[in-house]
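Chain naming here is simple, since letters A, B, ... match the order of the sequence lines and numbering starts at 1 in each.
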Amino acid sequence: MTRYIIMRVLSTIPVMVLVALFVFLMLRLAPGDPASVIAGDYATAEDVARIREQLGLSDPIVVQFLRWVASLVQGDLGTSIFSGKPVTELIGQRIEPTLMLALTTITFAVVVAVPLGTLAAFRAGSLVDRFVMLFSVGGFSVPVFVLGYILIYIFSMTLGVLPVQGYKSPFTEGIGPFLYHITLPSVTLSVIFIALIARMTRASVIEVLEEDYIRTARAKGQSEMKILTRHALRNAAVPVVTVIGIGIALLIGGVVVTESVFNIPGLGRLVLDAVLARDYPIIQGLILFFSFVYIFINLIIDLSYTLLDPRIRY
Amino acid sequence: MTDQATQPAPGAAAAKDISLARIALRNRGVFWGGAVLLVIALFAIFGPFFVQDPTALNPINRLKPPGSEGLFGTDMLGRDVFSRVINGAQVSLVVGLFVAVIAVALGLFLGLIAGYIRLMDALIMRLMDGLMSIPAILLAIAMISLAGATLTTVVIAIVIPEIPRVVRLVRSVVLTVREEPYVEAAISAGTRVPTILVRHVLPNTIAPLIVQATYICGSAMLTESILGFLGAGIPPEIPSWGNIMSEGRTFFQLTPWIIFFPGICLAVTVLAVNVVGDGLRDTLDPRIARNMR
C-alpha cells in the first residue's frame with residue numbers, strides 16, 4: 001500500500017517533466033525567432049537583444065531547458081515582460097476568484113447531479129430518466145459562453161434579480177455579496193459538469209443495482225431508501241469520483257471562458273490579457289500551473305480510491 | 001491519468017458491416033441528427049450564394065433588430081447578421097470535419113504503433129499522458145498566439161489536444177486484437193508487421209473510431225467558437241460563429257440577438273453531431289451502449 005502510494009506520487013514526475021518540455025518547446029518551435037516573437041511587431045533591435053539576453057536564448061537549447069527546469073523546481077515560473085513582476089506573484093493576486101468559482105461550481109454540480117443521476121438510474125426508462133439523459137446530451141452541446149449570456153439575459157436583464165457581472169470576495173466583502181455575484185457564473189459553468197456527472201452516476205448506479213447484494217438487501221426487506229444510500233451510492237462512488245477528475249480539465253477551460261463572460265478578475269482573465277499583450281512568460285507559467293494542478297488533483301483522486309472502495313488494494 | 005489500457009476494447013467485434021445508410025434507417029438518433037446536419041450543410045454550401053455580402057458595411061442601419069433590417073438584424077457596423085451566420089456555418093463545419101479526420105488519422109497511426117510495438121508503447125503513452133495534462137483551451141490559445149491566427153493554425157491547435165484520447169482508444173483495441181487466434185496465425189505464418197496491422201488490426205478499430213470522430217467533430221466546433229469568442233481564434237475578418245458572438249459582446253445588453261442567433265445555430269449543430277455519435281455508438285457497439293461514451 002505504502003509502496004503503491006510512493007510509486008504513484010513518483011509517477012507524476014515524468015509527466016510533469018514532459019509537460020514542461022512541451023511548454024518549453026512550444027515557444028522554440030514557433031515560426032520565427034522567439035525573442036522577436038516575444039518583443040512583438042513594434043520592437044527595436046535593442047528590445048530584441050535585451051529579451052534575448054534576458055531569456056538566455058544564445059545558449060545551447062539543452063542548457064536553456066535545464067536552466068529553466070532548475071528555476072521551475074525552485075518555484076520560479078518566470079517574470080512578466082510588461083509588469084516585470086514574477087508570474088507566481090501575479091498568480092497569487094488572481095487565484096482567489098478562480099478558486100472560488102471552481103469550488104462553488106463543483107459543489108453545486110455534485111449536489112445537483114448525483115441525486116439526479118441516482119434518481120434516473122432508479123427509475124430507468126421513466127420520464128425523469130429521459131429528462132436527465134436529454135439534459136446530459138444537451139449540456140455537452142451548448143457552449144459555456146452562450147449559456148452564460150442566456151442566463152444573463154433571463155436573470156439579470158429581464159428579471160433583474162442577479163448582477164450582470166463582477167466578483168466580490170467572501171473574505172473582504174462578505175459572504176452575501178459574494179454569493180450574489182458568484183451564482184450566475186457558477187450555475188453557467190456547472191451545467192456541463194451536471195451533464196457529465198449525472199450521466200456517470202446513472203450508468204454506475206444502474207450497474208450496481210444489478211449486483212447480487214442489492215437483491216439480497218431487497219430480499220431481506222430493506223427499504224428502497226436504505227438500499228440506495230447504503231449500498232448503491234457507496235459502490236457507485238469510484239466512477240463518479242473518476243469523472244470529477246476528468247472534469248477538472250473541462251473546468252480549467254471553462255473557467256477561462258466564464259471569467260471572460262462575467263468579467264471576473266481571475267487567472268482566466270490573466271491568461272487572456274497576457275495573450276493580448278503577448279506576454280509569453282505569463283502564458284507559459286499559467287499553462288504549467290494549470291497542468292500541475294490537473295496532475296495533482298488526479299493524483300489525489302487515484303489515491304482516494306482505496307478509501308472509497310475497500311475492495312481496491314494495491 | 002488512470003490507465004485505460006486494461007479496459008476491453010470497445011466495439012472490437014462490431015466492425016463487420018458499416019453501411020451508413022442502413023444504420024441511419026435503423027437508428028432514430030442517426031436519422032434525425034443526420035437530417036439536421038444535412039440541412040445545415042446545404043445552408044453552409046449553397047447559402048452564401050443567396051445572401052448578401054457578409055462583410056458589406058451599412059452604417060446607417062447598424063444594430064437593427066431582427067426582421068426590420070435582414071432576418072437576424074444587423075451588427076454594430078450594419079452588417080447583415082443572417083448572412084454572417086450562414087457564412088459562419090461553413091467555418092464551423094470545415095473546422096469540425098478537418099479536426100476529426102486529422103486527429104483520428106494521427107491518433108490511429110500512433111495508437112497502432114503503441115499497441116503493437118512494445119518498445120514504442122511506453123514512450124508514446126507517456127507523451128500522451130503529458131499532452132493530456134495540459135488544458136486544451138490554454139494550449140490552443142498559446143499555440144495560436146505564437147504561430148499567428150489562421151484557419152490552419154486554429155485547426156492544428158484544436159487537433160493536438162484531441163490526439164491522446166484517440167491514441168488510447170486505438171491502443172486498447174490493438175491490445176485485445178493482438179491476442180486473437182487469427183493474429184497469432186498470421187504471425188506464425190510469417191506475415192510482416194505492417195500487413196498484420198493493416199489487414200487484421202485496423203478493421204477492428206474502425207467502428208469505435210467512427211464514433212469517436214463524431215464526438216471530436218462536435219467538441220472541435222465548440223472549441224473553435226470558444227477561441228473565436230475569446231478573440232484568440234480565426235482572424236476576425238472571417239465571419240465564424242465564434243467571431244460573430246465575440247463582436248456581439250460589446251452591445252449584448254442592447255442587441256442580444258447578435259449572440260443568440262449564432263449561439264443557437266452552433267448548439268443545434270453540435271447537438272445534431274452528438275446525437276449522431278450516440279446513435280452510431282448504440283448501433284455499432286451494443287456492448288457499451290448502456291454506459292457513457
Side-chain angles (χ1 to χ4, degrees), chain A residues 12 14-19 21-23 26-27 29-31 37 136-138 140-147 149-150 152-153 157 164 196 199-200 202-203 206-207 242-243 245 249 252-254 256-257 260-261 271-272 275-276 278 280 283-284 286-287 290-292 294-295 298-299 301-302, chain B residues 1-2 29 126-148 160-161 215 218-219 221-223 225-226 229-232 241-242 245-246 248-249 252-253 256 259-260 262-264 266-275 277-278 290-293:
Chain A
T12 58
V15 180
M16 288 199 278
V17 171
L18 268 170
V19 169
L21 187 64
F22 278 131
V23 173
M26 200 161 61
L27 194 58
L29 293 180
V37 169
S136 73
V137 179
F140 276 105
S141 309
V142 184
V144 182
F145 58 92
V146 174
L147 197 70
Y149 279 114
I150 293 173
I152 289 177
Y153 185 76
M157 287 161 60
V164 174
L196 190 71
R199 200 186 253 229
M200 196 58 176
R202 176 183 177 275
I206 283 181
E207 209 174 299
T242 309
V243 86
I252 292 171
V256 178
V257 183
S260 172
V261 171
V271 178
L272 289 179
V275 167
L276 290 179
R278 302 171 81 86
Y280 289 101
I283 304 177
Q284 217 175 29
L286 277 172
I287 292 183
F290 277 126
S291 307
F292 291 171
Y294 174 80
I295 293 170
N298 277 284
L299 170 71
I301 284 173
D302 268 10
Chain B
M1 299 298 290
T2 46
R126 289 300 80 73
L127 276 175
M128 293 302 125
D129 281 350
L131 203 52
M132 265 187 117
S133 309
I134 306 176
I137 299 235
L138 289 184
L139 187 63
I141 292 176
M143 284 193 289
I144 292 166
S145 73
L146 279 171
I160 290 178
Y215 292 138
S219 109
M221 291 195 284
L222 283 182
T223 311
S225 79
I226 287 174
F229 173 77
L230 294 175
W241 287 340
M245 291 187 268
S246 177
R249 295 179 67 178
F252 176 71
Q253 306 222 21
I259 286 188
F260 286 158
I264 291 166
L266 178 65
V268 169
T269 313
V270 176
L271 185 66
V273 173
N274 284 342
V275 166
D278 283 354
R290 268 173 296 128
N291 291 323
M292 60 172 297
R293 55 185 184 213

Is B/L131 in contact with chain A via its backbone, its side chain, both, or neither, using a 4.5 Å heavy-atom distance?
both
Who passes side-chain contact (heavy atoms from CB on, under 4.5 Å) against B/V268, sequence neighbours left out?
B/V36, B/I40, B/I264
Between A/F140 and B/V270, does a side chain to side chain contact (heavy atoms under 4.5 Å, CB included) hold up when you go through it step by step?
CA-CA 8 Å; A/F140 276 105; B/V270 176; over 6 Å; no
Can you see which heavy atom on B/R249 is nearest to which on A/Y149, and at what distance?
NE-OH, 3.3 Å
Hey, which of A/V142, A/L272, A/I283 has the most heavy atom pairs under 4.5 Å with chain B?
A/L272
What closest approach, in Å, do B/L222 and A/S141 show between heavy atoms, and which atom pair accounts for it?
CD2-O, 3.7 Å
Please state whether the side chain, the backbone, both or neither of A/V271 comes within less than 4.5 Å of a heavy atom of chain B.
side chain
So for A/I301, is it side chain, backbone, both, or neither that comes closer than 4.5 Å to the heavy atoms of chain B?
neither
Is it the side chain or the backbone of A/V261 that comes within 4.5 Å of chain B heavy atoms, both, or neither?
both
Give, as side chain, backbone, both or neither, the part of B/L138 having an atom under 4.5 angstrom from any heavy atom of chain A.
both
Chain A contacts, top residue of B/L230, B/V275, B/L266 (heavy-atom pairs, under 4.5 Å)
B/L230
Go through the steps to decide whether B/D278 and B/Y215 satisfy the test side chain to side chain contact (heavy atoms under 4.5 Å, CB included), and finish with yes or no.
CA-CA 9 Å; B/D278 283 354; B/Y215 292 138; 2.5 Å; yes
Please confirm whether the backbone N or O of A/V256 pairs with a side-chain atom of A/S260, one donor and one acceptor, at under 3.5 Å?
no
Are any side-chain N or O atoms of B/S246 and backbone N or O atoms of B/G242, one a donor and one an acceptor, separated by less than 3.5 Å?
no
Need one label for B/I259: side chain, backbone, both or neither, based on atoms under 4.5 Å from any heavy atom in chain A.
side chain
Note: vs chain A, highest number of non-hydrogen pairs under 4.5 angstrom among B/I226, B/T269, B/T223 is B/I226
If one checks every heavy atom of A/P143 against chain B at 4.5 Å, the contacting part turns out to be both
Most contacts with chain A, counted as non-hydrogen pairs under 4.5 angstrom, among B/G263, B/S225, B/G218:
B/S225
Separation between CZ (A/F290) and CD1 (A/I295), nearest 0.5 Å, reads 14.0 Å
Turns out that what part of A/F145 lies under 4.5 Å from chain B's heavy atoms comes down to side chain
